[in-house]
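Here's the structure, in structure tokens; my notes come after.
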Amino acid sequence: MRIFDPHIHMTSRTTDDYEAMYAAGVRAVVEPSFWLGQPRTSPASFRDYFDSLLGWEPFRAAQYGIAHHCTIALNPKEANDPRCAPVLDELPRYLVKDNVVAVGEIGYDSMTPAEDTALAAQLQLAADHGLPALVHTPHRDKLAGLRRTLDVVRESALPADRVLVDHLNETTVKEARDSGCWLGFSVYPDTKMDEERMVAILRSHGTEQVLVNSAADWGKSDPLKTRKVGDLMLAEGFDEDDVDQVLWRNPVAFYGLSGRLSLDVTGTEATHEGNSILRGAPRDPYEPDTGAGTPGRVTPAEA
């Protein structure tokens, strides 16, 4: 079983998770920009975070045979903080990077005017940069949030078939499918979907344009939920082609809309910016220590 987790926050996970994910069949991930839990207070902290998504995390993933891409955005929750609003002006610098396969997560948290502004602006950025968009639907008032989201998408320059509407459930799936958007489901302990509900939705609504993710992050979450959905699909009568479509071909098709998706695992050098996965790993005595990281490497911020 080959698995592409299209929404997982590996910044919050350990190298043991990467190892377990590879053993379960995960060969590719997309890591969307998100709220880190502790509020950020300036655009500079976002720049450091975006640089890590473009450098350190692909390096970590490659050590375990997993291709890593990301999506870049001002997330809905922090869109409400005026200290973070200037991040919108920083985004074009990052949206041209090869490893960025969508604008996201964008959307709604509390459905405020500030979130309206950020969502509309970032859908326009996606259209301007030829990228699809990953849209976060709110955890509260989900149906109202979906409807408001779809209204903004319809008013934007980005076609619905280049939008992935995520965190769907039984109350929102039909209207999301009718909109022409791609459908995203987070299988996450206690607060979102579980495997049984996910398989029931697949049985009722089919497997076309459906992406299943773990959304694993710093909360109570499980980076192996995608595999558990695949196993249950097989146990419940779906065939291997159905599983492959949901867990591999659909995410490849959606993020492939960016024209940037590469499933080859690259960048397996021993260090990234002079840092090794192994704490205290000895420096190569034949390599000059310039004090400026690995010689010849260009950071995303310098590119």
Side-chain angles (χ1 to χ4, degrees), residues 3-10 12 28-35 69-79 100-111 115 118-119 122-123 126 131-153 156 158 160-189 191-195 197-198 201-202 205 207-217 219 221-223 225-226 229 246-247 250-258:
I3 299 171
F4 186 149
D5 193 329
H7 183 153
I8 185 169
H9 301 290
M10 294 308 299
S12 305
V29 299
V30 165
E31 179 162 1
S33 304
F34 84 134
W35 180 53
H69 294 79
C70 67
T71 75
I72 296 291
L74 173 62
N75 67 82
K77 188 174 184 67
E78 288 176 297
V100 177
V101 292
V103 176
E105 295 179 61
I106 58 178
Y108 287 112
D109 179 61
S110 300
M111 291 185 281
E115 292 171 23
L119 174 56
Q122 293 181 99
L123 287 171
L131 292 172
L134 170 62
V135 178
H136 167 107
T137 54
H139 302 303
R140 304 170 299 279
D141 300 322
K142 290 195 75 68
L143 187 56
L146 174 72
R147 289 171 175 169
R148 188 161 171 177
T149 298
L150 296 179
D151 285 343
V152 178
V153 169
S156 77
L158 192 67
D161 61 4
R162 295 179 68 83
V163 175
L164 170 58
V165 182
D166 211 348
H167 306 318
L168 296 174
N169 62 15
E170 295 89 344
T171 67
T172 54
V173 58
K174 183 180 185 304
E175 291 194 29
R177 179 173 286 289
D178 291 346
S179 74
C181 294
W182 293 70
L183 313 179
F185 296 87
S186 299
V187 183
Y188 190 104
T191 60
K192 298 185 178 76
M193 299 290 293
D194 60 25
E195 298 94 307
R197 291 167 60 199
M198 187 67 246
I201 284 177
L202 290 168
H205 295 275
T207 58
E208 293 291 329
Q209 291 188 243
V210 172
L211 282 71
V212 172
N213 65 73
S214 69
D217 58 9
S221 51
D222 181 354
K225 280 293 190 181
T226 49
V229 169
V246 171
L247 296 184
N250 285 349
V252 167
F254 177 73
Y255 288 114
L257 295 172
S258 68

(request) Any chance you could lay out the side chain to side chain contact (heavy atoms under 4.5 Å, CB included) test for Leu158 and Val153, step after step, and finish with the verdict? (result) CA-CA 7 Å; Leu158 192 67; Val153 169; 6.0 Å; no

(request) Show your reasoning for whether side chain to side chain donor-acceptor pair (under 3.5 Å) applies to Glu170 and His205. (result) CA-CA 10 Å; Glu170 295 89 344; His205 295 275; over 6 Å; no

(request) Output, in order, the C-alpha distance, side-chain angles, deciding distance and verdict of side chain to side chain contact (heavy atoms under 4.5 Å, CB included) for Val101 and Leu131. (result) CA-CA 7 Å; Val101 292; Leu131 292 172; 5.9 Å; no

(request) May I have the step-by-step check of side chain to side chain contact (heavy atoms under 4.5 Å, CB included) for Gln209 and Asn250, ending in yes or no? (result) CA-CA 6 Å; Gln209 291 188 243; Asn250 285 349; 5.7 Å; no

(request) Show the numbers, then the answer: is there a side chain to side chain contact (heavy atoms under 4.5 Å, CB included) between Val29 and Phe4? (result) CA-CA 6 Å; Val29 299; Phe4 186 149; 5.6 Å; no

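In plain terms, the two heavy atoms of Arg140 and Ser110 that are nearest each other are NH2-OG, 3.3 Å. Closest non-hydrogen pair, Phe254 versus Leu211, comes out as CB-CD2, 4.3 Å. Taking all atoms of both residues into account, the shortest heavy-atom contact from Leu134 to Tyr255 is CD2-OH, 4.0 Å. The two residues Pro76 and Glu105 have their closest heavy-atom pair at CD-O, 3.5 Å.
Without hydrogens or angle criteria, Asn213 side chain to Phe185 main chain gives a donor-acceptor distance under 3.5 Å. Proximity of a side-chain donor or acceptor of Glu31 to a complementary backbone N or O of Met10 within less than 3.5 Å is detected. The main-chain N or O of Asp194 is never found under 3.5 Å from a side-chain atom of Tyr188 such that the two would form a donor-acceptor pair. At distances below 3.5 Å, not a single donor-acceptor pair connects side-chain atoms of Gln122 with backbone N or O atoms of Val103. Side-chain atoms of Thr172 do not come within 3.5 Å of backbone N or O of Leu168 as any donor-acceptor pair.
For the 3.5 Å distance criterion, the side chains of Asn75 and His136 fail to qualify, holding no donor opposite an acceptor. Side-chain contact, Thr137 with His167: no donor N or O sits under 3.5 Å from an acceptor N or O.
Once rounded to the nearest 0.5 Å, the distance linking CD1 of Ile201 with NZ of Lys174 reads 14.0 Å. Note that the CG atom of Leu150 and the SG atom of Cys181 stand 5.5 Å from one another [nearest 0.5 Å]. Here the straight-line distance linking atom CG of Asp5 with atom NZ of Lys225 works out to 12.5 Å at 0.5 Å rounding. Trp35 CH2 to Glu78 CD: the interatomic distance, rounded to the nearest 0.5 Å, is 7.5 Å. With rounding to the nearest 0.5 angstrom, the OG1 atom of Thr226 is 13.0 Å from the NE2 atom of His7. Atoms CZ and OG, on Arg162 and Ser258 in that order, are 8.0 Å from each other to the nearest 0.5 Å.
Side chains of Glu208 and Leu183 form no contact here, defined as non-hydrogen atoms less than 4.5 Å apart. Taking the side chain as every heavy atom from C-beta outward, Val187 and Ser214 never approach each other to under 4.5 Å. A heavy-atom distance below 4.5 Å is not found between the side chains of Val163 and Trp182. Contact check for Asp166 versus Ser186: side-chain heavy atoms found under the 4.5 Å cut-off. Side-chain contact check for Thr71 versus Val100: every heavy-atom pair is 4.5 Å or farther apart.
The residues Asp151 and Arg147 are annotated as not salt-bridged, no charged nitrogen and carboxylate oxygen being separated by less than 4.0 angstrom.
At most 12 heavy atoms of other shown residues, nucleotides or ligands fall within 6.0 angstrom of atom CG in Asp141.
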